[in-house]
Amino acid sequence: MATDGTPGPLAGDLSDQSPWYPVPYRVDRRTAETADTVTLTLSPAKGTPLHPFRPGQFNMLYVFGVGEAAISVSGDPALPEALVHTVRTAGKISGALTGAAPGSTVGVRGPYGSGWPLEEAVGRDVVLVAGGLGLPPLRPVLYELLRHRERYGRIEVIYGARTPKDLVYYRQIQEWRGRSDLRFQTTVDAAGRDWYGDVGLVTARVPDIRVEPARTVAFLCGPEVMMKFTAQALEARGVTDSAIYVSLERNMKCAVGLCGHCQLGPEFVCRDGPVFRYHDVRRFLSVREL
Amino acid sequence: MRLADHRFFTGTDPELLRRWSPLSVERSYAAGDLLVQEGGPADRFILIFEGKVALEIVAPDRPRVTIQTLGGGEVLGWSWLLPPHLWRLDARAVKRTRTLELPASELRDALESRPDEGYRFLLRLLPVVAQRLEYTRLQLMDLHGH
Ligand SMILES: Cc1cc2nc3c(=O)[nH]c(=O)nc-3n(C[C@H](O)[C@H](O)[C@H](O)COP(=O)(O)OP(=O)(O)OC[C@H]3O[C@@H](n4cnc5c(N)ncnc54)[C@H](O)[C@@H]3O)c2cc1C
Ligand code: FES
């Protein structure tokens, strides 16, 4: 999450990629996804690019004079030269990021975090459930699953947003929905008559997924209440809580397991997460206040 | 389409389904057709086998809003079971939809005359009600809002 601008000046020539210093990246493209959400495509302005990322990892994006926020990588892991992030305006820093013009520079440090355990999905049915801005952190997973389609069983994706206008990656979703080796369902909380898709929460789509529960692994990303109820719905279908993974968001500052800002029980979300086995964190999703 | 093939009846006594099957009517709706209309008599229990049905709220001062869609394996509702037996929402087919429908008054009589079956039927219907209540609560929380 946002900081008050902790990192020092951009260290463009740093070759050791110190976890503290952002590397300057140029905004090559800014694509509006919705009224408040944009996708930024970045490339190294100078110096060494960051290490390749794993699906589910995040970077700290730094806007000069404003501050730093954790943003998941939403691009294709096979194309690491283009660093892709999808950001929604929620406050000062995210607002500065969504407003970043092509040609401008942002600082990037990372990638951080554990990522989704794709190796656990091999040979199994895979369910991805995304709520709202939960789709960007899951998109790299989908790229990987489809790139090695033969390694996996059935793939079911459920994506929920507030209204049809809040759906990100609209064109790409049409492509995914057109594929026969994947079922991609979109649902919105409410809609007018011009929407021909599903209306209702993502949890309502779970009873309908066509998977073998005993050999299913599920990755959930979105608001915590949504993940909690989705996990319950999956459990009702017979998927065990150790085969369900969730991505948690906590306030972040250092992102490298030093400051304790993101602590969740014994774990640090930045270092041990943000992806956790639901079995290990379900108690935190029921805690009234953290 | 057979009653026994619908998720709602999974695990139901086959003998009961044999008795009810002759009552069921197969229907098909084109995209845009209304299955039921708010205020109209809730005279049948509708099991959706295929397609998509939008539950819509109509208010004079605002555009019609879809609050939920139902698909294959789901049932339309319970207004047919509770007095005054009037539909509380519009239900419109969003795409071609196929259903099996049981006449409400016969079904109510059957359930009343055999309370044990009636009870078991309610135990099947109650999760549908509970689930819809839960969805409504979560919708009220505006999960994806800012
Ligand atoms: C692992 C991880 C991954 C993430 N991935 C993404 C991602 O891919 N994309 C993304 O967009 N975000 C992502 N986030 C969230 C992101 O890090 C920020 O938390 C978010 O962008 C908001 O930061 P901000 O500084 O702009 O807002 P903040 O200023 O921290 O505001 C946050 C909240 O406070 C409210 N608020 C802000 N200012 C005020 C005010 N003056 N008065 C009252 N309320 C106010 C906002 O409405 C908002 O709800 C991720 C977070 C984590 C931990
Ligand atoms: S953000 Fe500092 S320990 Fe996680």
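FYI, side chains are in, hydrogens and waters are out, and symmetry mates aren't considered; it's all heavy atoms of this structure. Each chain gets a letter, A, B and so on, in the order its sequence line appears, and its residues count up from 1.
Atom CZ of B:R114 sits in a sparse spot, with 12 or fewer heavy atoms from other residues, nucleotides or ligands closer than 6.0 Å. Within a 6.0 Å sphere centred on CZ of B:R137, heavy atoms belonging to other residues, nucleotides or ligands number 12 at most. No more than 12 heavy atoms of other residues, nucleotides or ligands lie within 6.0 Å of CZ in B:R88, so this atom counts as exposed by the packing criterion. A 6.0 Å sphere centred on NE2 of A:H279 holds no more than 12 heavy atoms belonging to other residues, nucleotides or ligands.
Each of A:V225, A:D189, A:V202 was scored for a side-chain contact (heavy atoms from CB on, under 4.5 Å) with B:L138, with one residue passing: A:V225.
With a threshold of 4.5 angstrom between heavy atoms, A:A90 does not approach chain B through any atom at all. Of the two parts of B:R92, only the side chain, counted from C-beta on, holds a non-hydrogen atom closer than 4.5 Å to a non-hydrogen atom of chain A.
Minimum interatomic distance between A:G197 and B:T69 (heavy atoms only, all atoms of both residues): O-CG2, 3.8 Å. Nearest heavy atom pair, residue B:K52 against residue A:D198, reads CE-OD1, 2.9 Å.
With hydrogens and angles disregarded, no donor-acceptor distance shorter than 3.5 Å links the side chain of B:K95 to the backbone of A:Y196.
Comparing A:G160, A:A204, A:G134, A:G200 by how many heavy-atom pairs each has under 4.5 Å with chain B, the most go to A:A204. The residue among B:T66, B:L55, B:T136, B:I67 with the most heavy atom pairs within less than 4.5 Å of chain A is B:T66.
Here CD of B:Q68 is found 8.0 Å from CG of A:L201. Values are rounded to the nearest 0.5 Å.
Within the 4.5 Å cutoff, the side chain of B:E74 has no heavy atoms near those of the A:P207 side chain.
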